[in-house]
Amino acid sequence: MCGACGRSSATPSRSSARCATSATASTCTKRRRRTRVEFSDSSPTDARMYPMIEPVLVDAGLGDAEDDDFDAHEAPDAILPDHRYHDRELSWLAFNQRVLELAEDASLPELERANFLAIFASNLDEFFMVRVAGLKRRILTGLAVPTNVGRSPSDVLGDISAEAHALQLRHAAVWSEQVRPALADAGIEIADWDELTAAERSALSEYFQAQVFPVLMPLAVDPAHPFPYISGLSLNLAIRIRNARTGRQEFARLKVPPMLPRFIAVPGGGEIVRFIRLEELIANHLIDLFPGMEVLDHHAFRLTRNEDVEIEEDESENLIQALEAELLRRRFGPPIRLEITDDMDDVTLELLIKELDITDQEVYRLPGPLDLRGLFDLSRVDRPDLRYPPHVPTTAVAFQPGDSNERPDVFRAISKADVLVHHPYESFATSVQAFLEQAARDPQVLAIKQTLYRTSGDSPVVQALIDAAEAGKSVLALVEVKARFDEAANIVWARKLEKAGVHVVYGLVGLKTHCKLALVIREEDGVLRHYSHVGTGNYNPKTSRIYEDFGLFTADPQVGKDLTRLFNELSGYAIEKKFKRLLVAPLHLRKGLLRHINNERKNAEQGKPARIRIKVNSMVDEQIVDALYRASVAGVIVEVWVRGICSLRVDLPGVSDNITVRSILGRYLEHSRLFMFDNDGDPIVYIGSADMMHRNLDRRVEALVRLTEPAHLQELHDLFDLAMDPHTSSWHLGAGGVWTRSAGTEDAPLVDLQDRTMASVQGRRRRKRTVR
């Protein structure tokens, strides 16, 4: 679920050295180019084999881009020091440490703390599968370049190893010393075999024979049986046995079945609910798997493999087939991390190191249990008192019917004024989903166009598109099947859409389509009207309940024209050079943001009040960071709200004095992206899908939309005020890249931004209309 990491970025000098004709990833099509699935938010079918047409933007309120002489590649000022960035990999590990600190927070409900331990483990797995794997691959192929802080990738790998080792040990200790005892005190006990009664062991043995034993597959290792393939992220038992007849010692590997629950309920009632780990149950029944043999020892181990996917887009006529083949190869990626329990003997470890061809640095010796992602299984425990109090999303005020007998009409609401929705505080089902479902059944709707990056297989969004196509409407779905770790699922439902008659396209060669756009064309009184949605999050009903995102609904003709032109670029051969309310990557989004930052700097230099507020998942792009430094030097108040990676430093005297960086983590994943500029009293505010990373700005199709309604601007400024308030619970970035969690007192507890926002949204009431 955490998309906080990105791929290794080029140094500024390497970025600026790129040929001007390769400003997008598709203009130099004669070059052999690899496209990889991006980590965290994010390659596909029958991509069109022609270069992407580069859009040129008209920046809202600032004139035609063609006439703008602003230099996006402005040389760094002499005042900017050489070492002005934090290492992005270590910054990501610092983000995951903040997740771990939530698990350490004794004030949080016990099952939520366990959930944060599982999130930490899942995040770290993805970090190794992609970020660490990418660094190692580049070192082995001789393509490694210095990192964003000028260090060699091999040195960074050493730093990562040291920090990751420390974090994993801390993670294990939080489970064994804090969360597990806290759960036991609350009535949920994770027991070991020797802590069970004879009756409980007997009942579990019956369960083992009936439910577990039939699916186990012990694999011997001897001259007739080569060392077996160890799948990535699988939990395994390394078993040493002795042949009772010959006295010879043998080795066997047993995979813990991933299709079975990780925590098995111990039979019996009572106030205390007891569980035993699946591997613990199996380990105590090994004799049943090796009859006639003496089980000498067993140890758990777990392997992480390189899960990066490479597709030769320019040479694949059918990228779906190419991607499917690559997904099969992904399973056999080289090992990059071996986790073992701290009691593993040297003989077993040496065998694993030799057979897996792994280095000592890649071995992580940890207290058991391994793979605490299994704590996600505890979500099925029916103990609401050990969870966050429920938050029930409300329907956005604009979409609430006038009275109980009135059927909601999304189009009528949008036609009156722009509607800004804030998920998960406001319901996805009664806004985005309702918008598409009403469009599917409305006879006045002629066409629907939508981008799909990640969604669930049983998504009502997908079903609405199918229903619309079957009803005879023209439906276009731009599916990004290269969304990392969702590739296989996306292929399945993309084909389902095609079978229903939806026009499915798969984006542009060399680029990922990451923007969140939906456009409905409706005929009203003989005139075609555009109804648009531009969001910061995926069209996924499931993640919309836990991801914080914004979405703008508008019937503004200009936004409709912008989206029409953008969809034409994505699906056809259109060459469109003007967008009025959008900023679009890969060519001009960074340039547009740099222009706004530069304007704030100029205002400050003229003695005018100036402020920049940016909320993103990651802040890495060197040009953006340098522009913020220059703005700070000029006196601009710069406030950055970041969830994950942040290369921006706040400890540069005379450079970052006016920069404040905060991070907020909690029950919801902060996912929205906001860009706010005071603009000398005429605020410019955008929402959209882009983070400040090279991949978003250079290798993805992203879109930001400018908000214009004063009430919406005020809502976002109020939210930012709350995030920056010293009395709000948050992490503060300080010297040396150290994040410090704000501390309250018993008399003055800190405000939880997400709780406060939910209360504020639920407190809204529709104004009663005056009937004359």
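Since we're looking at a predicted model, the values are computed, not measured.
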For this session: Mark yes or no for whether S663, through its side chain, and V642, through its backbone, hold a donor-acceptor pair below 3.5 Å.
Result: yes

For this session: Please name all residues satisfying ring pair (Phe, Tyr, Trp, His ring centres under 6.0 Å) with W641, sequence neighbours left out, ordered by chain then number.
Result: F720

For this session: Identify, with sequence neighbours excluded, every residue that meets ring pair (Phe, Tyr, Trp, His ring centres under 6.0 Å) alongside H86.
Result: none

Exercise. Can you check whether W175 reaches I190 side chain to side chain, under 4.5 Å on heavy atoms?
Worked result: yes

Seminar exercise, completed: Across all chains, not counting sequence neighbours, the salt bridge (Lys or Arg N to Asp or Glu O under 4.0 Å) partners of R151 are D159

Exercise. Would you find a donor on one side and an acceptor on the other, under 3.5 Å apart, between the side chain of S231 and the backbone of S234?
Worked result: no

Exercise. When you look at F95 and V99, which way does the side chain to side chain contact (heavy atoms under 4.5 Å, CB included) test go after all the steps?
Worked result: CA-CA 7 Å; F95 151 69; V99 176; 3.9 Å; yes

Exercise. What do you reckon, are the aromatic ring centroids of Y364 and F128 less than 6.0 Å apart?
Worked result: yes

For this session: Go through the steps for D288 and Q209 under the test side chain to side chain contact (heavy atoms under 4.5 Å, CB included), then give the verdict.
Result: CA-CA 9 Å; D288 295 338; Q209 295 296 334; 2.8 Å; yes

Exercise. Looking at residues at least two apart in the chain, or sitting in another chain, which of them share a side-chain hydrogen bond (donor to acceptor under 3.5 Å, both in side chains) with S205?
Worked result: H285

Exercise. Can you name the closest pair of heavy atoms from A191 and L196 and give their distance?
Worked result: CB-CD2, 3.9 Å

For this session: Measure from the side-chain N and O atoms of S176 to the backbone N and O of A172, and report whether any donor-acceptor pair falls under 3.5 Å.
Result: yes

For this session: Would you confirm whether N538, through its side chain, and N540, through its main-chain N or O, come within 3.5 Å as a donor-acceptor pair?
Result: no

For this session: May I ask you to check whether R248 and N243 show a side-chain donor-acceptor distance below 3.5 Å?
Result: no

Problem set entry | Donor-acceptor under 3.5 Å (D377 side chain, R262 main chain) | yes

For this session: With rounding to the nearest 0.5 Å, note down the distance linking CZ in F127 to CZ in F120.
Result: 10.5 Å

Problem set entry | Ring-face cation contact, W739 with R98, 6.0 Å cut, 45° max | yes

Exercise. So, the side chain of R387 versus the backbone of S379: is there a donor-acceptor pair under 3.5 Å, distance only?
Worked result: yes

For this session: Check whether the side chains of N696 and D691 place a donor and an acceptor atom closer than 3.5 Å, and report yes or no.
Result: no

Problem set entry | Aromatic ring pairing F275/F263, orientation class (parallel under 30°, perpendicular over 60°, tilted between) | perpendicular

Seminar exercise, completed: By side-chain contact (heavy atoms from CB on, under 4.5 Å), D194 pairs with (sequence neighbours left out) D192, R201

For this session: Verify the neighbour count for atom CG of D385: are there more than 12 heavy atoms of other residues, nucleotides or ligands below 6.0 Å?
Result: yes

For this session: Go through the structure and list residues passing side-chain hydrogen bond (donor to acceptor under 3.5 Å, both in side chains) with D621, not counting sequence neighbours.
Result: R590

For this session: Quick one: closest heavy-atom pair of P218 and L254, and the distance?
Result: N-CD1, 3.5 Å

Exercise. Got a second to check how far L157's CG is from K136's NZ, nearest 0.5 Å?
Worked result: 6.5 Å

For this session: Please tell me if the side chains of Q249 and I241 come closer than 4.5 Å, counting only heavy atoms from C-beta onward.
Result: no

Exercise. Yes or no on side chain to side chain contact (heavy atoms under 4.5 Å, CB included) for L233 and T304, after CA distance, side-chain angles and deciding distance?
Worked result: CA-CA 5 Å; L233 301 187; T304 308; 4.0 Å; yes

Seminar exercise, completed: Residues passing the side-chain hydrogen bond (donor to acceptor under 3.5 Å, both in side chains) test with Q754, sequence neighbours excluded, are E670

For this session: Compare every heavy atom of G666 with every heavy atom of Y388, then report the nearest pair and how far apart it is.
Result: OH-C, 4.3 Å

For this session: Would you give the length of the straight line joining atom CG of L108 to atom CG of N115, rounded to the nearest 0.5 angstrom?
Result: 11.0 Å

Exercise. What are the two closest non-hydrogen atoms of E280 and W193, and how far apart are they?
Worked result: OE2-N, 2.9 Å

For this session: Could you tell me which residues satisfy salt bridge (Lys or Arg N to Asp or Glu O under 4.0 Å) with R274, sequence neighbours excluded, listed by chain and number?
Result: E189, E200

Exercise. Mind checking what makes side-chain hydrogen bond (donor to acceptor under 3.5 Å, both in side chains) contact with S729, not counting sequence neighbours?
Worked result: none

Seminar exercise, completed: Given the options I358, T348, I340, I353 meets side chain to side chain contact (heavy atoms under 4.5 Å, CB included) only with I358

Seminar exercise, completed: For L204 and A265 the tightest heavy-atom approach is CD2-O, 4.0 Å

Seminar exercise, completed: So CZ of R649 and OG of S91: to nearest 0.5 Å the spacing works out to 12.0 Å

Problem set entry | Verdict with reasoning, L296 to E294, per side chain to side chain contact (heavy atoms under 4.5 Å, CB included) | CA-CA 6 Å; L296 299 177; E294 179 186 358; 3.6 Å; yes

For this session: To the nearest 0.5 angstrom, please state how far the OG1 atom of T359 sits from the CZ atom of R337.
Result: 13.0 Å

Exercise. Would you say the side chains of H298 and R240 form a donor-acceptor pair under 3.5 Å?
Worked result: no

Exercise. Can a salt bridge be assigned to the pair R383 and E110 using a cut-off of 4.0 Å between side-chain N and carboxylate O?
Worked result: no

For this session: With sequence neighbours left out, write down each residue that passes salt bridge (Lys or Arg N to Asp or Glu O under 4.0 Å) with R302, or none if nothing qualifies.
Result: D125, E339, D371

Problem set entry | Nearest heavy-atom neighbours spanning L352 and L338 | CB-CD2, 4.1 Å

Exercise. Distance from I230 atom CD1 to F301 atom CZ, nearest 0.5 Å?
Worked result: 4.0 Å

Exercise. By salt bridge (Lys or Arg N to Asp or Glu O under 4.0 Å), which residues pair with R113, not counting sequence neighbours?
Worked result: none

Problem set entry | Set of residues satisfying ring pair (Phe, Tyr, Trp, His ring centres under 6.0 Å) with respect to F116, sequence neighbours excluded | none

Exercise. Between the side chain of H165 and the main-chain N/O of V363, is any donor-acceptor distance below 3.5 Å?
Worked result: yes

For this session: Give a yes or no answer on whether the side chain of R170 reaches the backbone of L100 with a donor-acceptor pair at less than 3.5 Å.
Result: no

